[in-house]
Amino acid sequence: MADLKDRYLVTAALPYANGRLHVGHIAGAYLPADTFVRFLRLMGKEAHFICGSDENGAPITFSAMKNNCSPQEVIDKFHNIFDQSFKGLGINFSIYGRTHSDYHTKVSQDFFKTVHEQGHIQKHTTEQVYCSECKMFLPDRYIEGTCYYHDCGKTGARGDQCESCGRTVDATKLKDPVCMVCKMQGRPGTGCIEVKETAHWYLRLDTFQEDLRKYIDTHPEWRESVKRFSYGLLDQGLNERAITRDLSWGIPVPLEDGQDKVLYVWFDAPIGYISFTRQYFESIGKADEWKEFWCNEENGLLHFIGKDNTVFHAVMFPGMLLAHGGYRLAGNVVANEFLNLEGNKISTSRDYAVWVDEYLEHFSPDPLRYYLSAIAPEASDSDFSWKDFQQHNNGELADNLGNFIQRNVAFCNKYFDGIIPERKNKTEAGDKMLQEIEDARKEIGELLSEFKFKFALERMMRFSQRANQFFAEETPWQSRKTDMDACGSTIHIGLLVLEAMSIVMEPFLPFSSAKLRAMLNVAPLKGGEWNQPLTIKAGEKVGTAEVLFPKFDDDLIQPRIDDLNK
RNA sequence: GGCGAGGUAGCUCAGUUGGUAAGAGCGACGGAUUCAUAACCCGUAGGUCGGCAGUUCGAAUCUGCCUCUCGCUACCA
């Protein structure tokens with residue numbers, strides 16, 4: 001088994017509180033993180049799971065404007081939706097914090113102040129686009145105008161990039177600029193834009209260029225995509241990077257001349273991992289324990305993210321931590337690629353997505369967890385398709401795994417009155433199956449500890465398939481008429497397989513695992529069971545067989561497809 | 001434009017460092033069986049691994065060119 005540490009802190013990317021969660025978010029960060037944490041606990045390891053809502057920044061204020069409400073109402077709304085979606089999928093954080101909290105604000109400001117005192121932050125004055133109607137500086141993306149490149153000249157160019165020619169543009173140079181924030185509120189948006197000077201603070205990432213390279217160098221085990229991307233950035237050379245913004249909604253810059261400025265959300269968001277950790281350990285009466293994970297390299301610290309966050313987790317946040325000087329760096333940044341939907345890009349703004357809250361109105365969580373692990377975008381982008389979802393559920397969960405559970409428990413009830421029979425016949429086939437149990441535990445564990453969730457799940461299904469093979473070859477439905485000892489031995493082993501299955505499936509299918517254990521009459525999992533002896537004993541009673549994985553008919557799937565095409 | 005990822009059996013995809021890896025799952029076809037959610041189990045199906053050229057005793061796996069798809073290009077997160 002890959003060398004696991006005894007104690008871990010696992011973080012999952014903070015979801016931004018201006019839109020619901022969709023399957024892409026889940027597949028990218030939360031599900032693999034949750035799966036890994038569950039696995040660690042079954043291995044008897046200590047694991048804390050940190051996440052929270054990312055609640056600062058411009059888009060939230062604009063979202064509030066659009067909906068005629070306050071930013072606070074926006075973040076409250078999404079915080080609650082996130083919370084319910086996570087709970088509904090069985091993604092259970094040790095703490096789910098909020099970056100708009102006082103606690104986080106203070107930790108972030110202290111962090112900024114320390115880095116500032118170390119001399120790694122510099123102040124510069126630049127020119128930015130300002131709207132005299134909105135009385136605010138505009139993020140580049142909220143300015144539209146005519147592209148100033150001679151060979152383009154198209155309208156509709158945004159302040160960050162021209163949609164037509166694809167080039168990066170300087171927002172202050174756009175012709176006929178229009179304020180989109182004004183337009184959002186029904187004003188014309190023209191004639192109100194000017195270019196004004198404003199001061200901002202910059203993090204000298206360039207100072208840590210070589211330290212960051214060494215950091216990546218010491219982690220050859222990271223996923224190729226993360227390393228490649230990080231080296232790409234380092235090869236280009238790191239620049240100083242603005243870490244403040246002219247905004248009203250966010251964490252105030254803790255400097256005397258920092259009035260009306262807030263920290264850039266990507267500066268404060270990763271600090272959330274730290275502040276939430278501290279908050280969590282305080283809440284359980286171990287106020288200093290957070291240092292075990294943030295200052296002590298002996299223990300595990302892992303970030304699970306989608307690939308769009310790689311730059312922040314593999315370069316910028318480590319740079320921040322180095323600049324601060326009081327922290328260790330993460331042991332791994334586990335990034336996933338993107339999930340497409342029916343061959344197209346998932347799009348929040350166009351409402352083209354499978355939303356978690358809507359999914360949960362129609363289905364139970366485990367089939368989604370299963371499917372998203374089966375198509376996990378670990379090495380390259382992958383595609384969510386409802387038909388494929390149906391196929392995986394029906395053909396694998398229901399027909400193979402679910403059916404094996406069903407046929408064993410039902411058989412035990414039907415022909416042994418639900419009393420677990422003894423294994424009186426020690427056959428070679430039986431020994432092989434028992435060995436297969438141990439092989440499965442070991443190999444699935446190895447794959448999980450290497451973050452190969454897709455392979456681990458495949459291995460789990462092969463275990464299920466081998467169990468079905470064993471059952472078919474032993475033909476207990478025949479031996480029950482001629483040799484009850486042989487028959488009972490087969491069922492005994494089958495039930496042992498089920499108990500082992502309830503353990504190895506738990507990281508992927510926690511709800512079904514709990515149901516299965518209840519069905520088998522074995523104690524709920526409490527940690528450490530992965531490598532412990534199984535507890536099924538002859539003479540004890542099992543419950544009645546229950547269908548764990550119903551099949552999904554077309555009439556359940558088709559409406560979901562129709563929904564997308566609306 | 002620059003950087004990057006892909007184009008492998010009908011479909012979805014695996015393929016560490018070049019040489020019994022041309023593979024899996026599903027679909028399809030045939031067989032066996034009845035304990036089970038008409039489930040399970042067994043067997044079959046042959047795709048010149050996008051195109052061209054090259055390096056090599058030998059390449060899906062290395063190099064160059066071509067073609068197609070896609071992502072990123074950092075101050076929205």
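First the proteins, then the strands, lettered A, B, ... as listed; each starts at 1. Keep in mind that what you see is a predicted model, and the values were worked out from it rather than measured. For the numbers below, each heavy atom of this structure counts, side chains included, while hydrogens, waters and symmetry mates do not.
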Candidate nucleotides [options], ranked by approach to the side chain of [X] - the nearest:
X: A:Lys414; options: B:C41, B:A39, B:C35; value: B:C35
X: A:Trp477; options: B:G71, B:U34, B:A36; value: B:U34
X: A:Asp54; options: B:C42, B:C40, B:A77; value: B:A77
X: A:Tyr142; options: B:C72, B:C76, B:A77; value: B:C76
X: A:Arg228; options: B:U33, B:C41, B:G4; value: B:G4
X: A:Gln469; options: B:C41, B:C75, B:A36; value: B:C41

| request: Write down the distance between CD (A:Gln391) and C1' (B:G27), rounded to a whole number of angstrom. | output: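 That distance rounds to 7 Å.
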Expressed as a whole number of angstroms, how long is the span from A:Asp383:CG to B:G25:P?
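Taking CG of A:Asp383 and P of B:G25, I get 22 Å after rounding.
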Practice prompt. Compare side-chain N and O positions of A:Tyr264 against OP1 and OP2 of B:A77 and report whether any pair is under 4.0 Å apart.
Written response: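 Yes, A:Tyr264 has a side-chain N/O under 4.0 Å of OP1/OP2 on B:A77.
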### Under 4.0 angstrom between A:Lys551 side-chain N/O and B:A39 OP1 or OP2
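Yes, within the criterion.
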First encountered from the 5' end of RNA chain B, between A:Leu238 and A:Lys481
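Counting from the 5' end, the first nearest nucleotide belongs to A:Lys481.
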- Given that both distances must come in under 3.5 Å, which nucleotide forms a Watson-Crick or G-U wobble pair with B:U16?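 Partner of B:U16: none found under 3.5 Å.
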**Q.** Ring centres under 6.0 angstrom apart (A:Phe549, A:Tyr370)
**A.**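 Not close enough - the centres of the two rings lie 6.0 Å or further apart.
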Discussion item. Could you check whether the side chain of A:Glu458 and the base of B:A24 have a donor-acceptor pair of N or O atoms closer than 3.5 Å, going by distance alone?
Written reply: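 Not at all, since no donor on one side and acceptor on the other fall under 3.5 Å apart.
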